[in-house]
Amino acid sequence: MSGDLPSEQKEKLESLRKEHGLGYDLYRAMNDLKQSWKKDDIRVALVGESRIGKSSHINAHLRDKKAASVSATDQCTMETKYYPHPDNKNLLLFDTPGLNTNEITRGSYENYLKVENFDFFLSLTKDIIRPDVRWLSEKITGLGKRHYIVRTHIDESVKKAMRSGQAKSKEEAVELVRKTLRSNMEDMGITDFTRFKIYLVDNDFWLEDPPTDPFEFEELRRDLTRDSFEELRQDALMHIISGILADLLAKEKKSIGSWIWKISGASAVGAMNPIPGGSAALDIAIIVKAVLTFYGRVGLRKKDIKELELLYSLKAGSLEYDLQSHLKEKYPIHHAIREEDRGELAIEDSAPMVFKQLSSFLLKSLGLVLASEAAEDSAKVLFPVIGFGIAALVSYITTAVQLEILQKEMEEIAEYAIQRPSLRK
């Protein structure tokens, strides 16, 4: 599922962005395209250090000991290959090079494995999570992607624990291994074991006749191919959507930036008006126009948010409320609003609501505009010949700077709105 969109889809979305900005029309088109994205494969990368059993683990899923090459040397897997899972052909298992070998270090690993090209990860270890795997885990979570921890060679660990007297039974030995691994993960700062599920498995159980204890291998197999497959697909889909929106917002930022300097030219023209106060009135009107335009272009009108909720498959009204909570923290005006009125705080298409949300910023802008007006009028009096030119320059720069600050405020809110729901928790 990870990867670039078809060129025709890219062109369609970019065309809508240029015409309408982010918002209802763009989100509606993405909702239509989302149905086709759901049919894509889920790309699962098996990652970890060398010689921990990544290839053997794939062979266990495929029940074919020759499927993924298992080397008896330290060289091991040096290419990334994929294998469709026999229980679900839409689940592709990727055998990846081992981290921390003579050939592959942290510095060169990204040349072998593009983390962003995968939807989900199985991080394998045969004992504890070592520094290199922790580094890779941080990269994965930094992209907002999920992965399971797979502890291999569990059969050997259980036998060792029982021989040493650390455990009196097989069950006690298994729990000892699990407890040790969880403690190791908590030391790394990992405490959310719903997103970092742990599976204790033996890769070679199926090679014996009769098969030995697979431990939690079959549970992992069911979760990947059936029980959690739709959850994984949905998670991957959310990542695609947020990535597309982030790219489109970045382009919209540049477009708005160009527009700011053009509209500031109107302020410069107004500054040459000899009527006292005329420039300030025009500048305030420009800022008001900018507020409304920015909100529309970055997709923060009420109808935009409702369509974005559909795109992310969120409960109706949940993103609206989440955004208002965010705005309440950012702009003090929200703290004065009564609890019973909070339901009316959805971002509206009307100017009054915009001013409620940005009142503190607009008041600051008004003060600077009035200060600028005073400087402009003084220049016209003190320098009759060049004073109007100075006034125009002062007005142009002041308005442009204020609009750039306003732009950043709007973009921060938009970035918060379009990011994956799981990252807002």
Side-chain angles (χ1 to χ4, degrees), residues 44-77 83 85-87 93 95-101 121-134 136-137 147-188 190-191 193-194 196-225 227-228:
V44 179
L46 279 72
V47 297
E49 294 181 321
S50 176
R51 301 193 63 75
I52 57 169
K54 295 188 296 295
S55 299
S56 297
H57 189 75
I58 288 179
N59 290 343
H61 280 281
L62 273 55
R63 297 294 196 271
D64 182 352
K65 62 182 180 182
K66 295 182 179 181
S69 177
V70 180
S71 174
T73 69
D74 289 334
Q75 194 74 9
C76 299
T77 301
Y83 306 85
H85 200 289
D87 294 349
L93 300 175
D95 193 10
T96 69
L99 181 59
N100 194 23
T101 65
F121 296 83
L122 295 180
S123 293
L124 277 71
T125 178
K126 63 179 181 180
D127 39 45
I128 61 173
I129 305 295
R130 300 187 184 280
D132 284 322
V133 177
R134 175 179 180 175
L136 180 58
S137 176
H147 62 293
Y148 293 162
I149 305 297
V150 180
R151 169 61 157 81
T152 62
H153 299 75
I154 185 66
D155 187 49
E156 297 175 11
S157 299
V158 166
K159 291 177 180 177
K160 182 178 179 181
M162 293 179 68
R163 282 197 304 267
S164 65
Q166 292 179 293
K168 297 180 180 179
S169 66
K170 186 176 183 179
E171 291 73 18
E172 190 176 323
V174 168
E175 288 310 307
L176 176 63
V177 173
R178 191 190 310 279
K179 182 179 179 180
T180 301
L181 185 57
R182 284 178 67 105
S183 176
N184 169 228
M185 293 171 67
E186 288 170 352
D187 289 342
M188 293 169 50
I190 298 174
T191 56
F193 291 102
T194 58
F196 292 88
K197 292 183 180 180
I198 298 174
Y199 296 87
L200 310 181
V201 307
D202 176 36
N203 289 336
D204 298 330
F205 73 94
W206 64 282
L207 294 173
E208 304 297 329
D209 187 16
T212 56
D213 190 345
F215 295 90
E216 295 169 353
F217 182 91
E218 293 302 329
E219 180 184 345
L220 170 60
R221 183 186 181 96
R222 287 192 302 272
D223 277 350
L224 285 176
T225 61
D227 295 352
S228 299

Rounded to the nearest 0.5 Å, what separation is found between the [atom1] atom of [X] and the [atom2] atom of [Y]?
X      : Y      : atom1 : atom2 : answer
Asp223 : Tyr199 : CG    : OH    : 3.5 Å
Gln166 : Thr180 : CD    : OG1   : 8.0 Å
Asn184 : Thr125 : CG    : OG1   : 8.0 Å
Ile58  : Leu93  : CD1   : CG    : 5.5 Å
Arg63  : Leu207 : CZ    : CG    : 9.5 Å
Arg182 : Glu175 : CZ    : CD    : 9.5 Å

Is it true that a side-chain atom of [X] and a backbone atom of [Y] form a donor plus acceptor pair closer than 3.5 Å?
X      : Y      : value
Thr152 : Ile52  : yes
Arg134 : Ile129 : no
Asn203 : Gly53  : yes
Arg151 : Asp127 : yes
Ser123 : Ile149 : no

Notebook entry, point to check: Can you name the residues that form a ring pair (Phe, Tyr, Trp, His ring centres under 6.0 Å) with His153, not counting sequence neighbours?
Noted result: none

Next item on the list: Test Thr225 against His61 for side chain to side chain contact (heavy atoms under 4.5 Å, CB included), laying out the working first.
Entry: CA-CA 10 Å; Thr225 61; His61 280 281; 5.8 Å; no

Note to self: Among Lys160, Met162, Glu156, exactly one meets side chain to side chain contact (heavy atoms under 4.5 Å, CB included) together with Val158. Which residue is that?
What the structure shows: Met162

Could you report the tightest heavy-atom contact between [X] and [Y], atom names first, then the distance?
X      : Y      : result
Gly48  : Lys54  : O-NZ, 3.7 Å
Asp213 : Phe205 : O-CB, 3.7 Å
Trp206 : Ala60  : NE1-CA, 3.3 Å

Should [X] and [Y] count as side-chain neighbours, where that means a heavy-atom distance under 4.5 Å?
X      : Y      : answer
Val47  : His147 : no
His57  : Leu46  : yes
Pro214 : Arg221 : no

Margin query: For Asp155, give me all partners under side-chain contact (heavy atoms from CB on, under 4.5 Å), at least two apart in sequence or on another chain.
Written below: Lys159, Asp202, Phe215

Item checked: Side-chain donor-acceptor contact under 3.5 Å, Asp64 with Tyr83 -> no

Next item on the list: Apply side chain to side chain contact (heavy atoms under 4.5 Å, CB included) to Val44 and His85, showing your working.
Entry: CA-CA 10 Å; Val44 179; His85 200 289; over 6 Å; no

Next item on the list: In plain terms, say whether Glu216 and Arg178 are close enough for a salt bridge, that is, a side-chain N and a carboxylate O under 4.0 Å apart.
Entry: yes

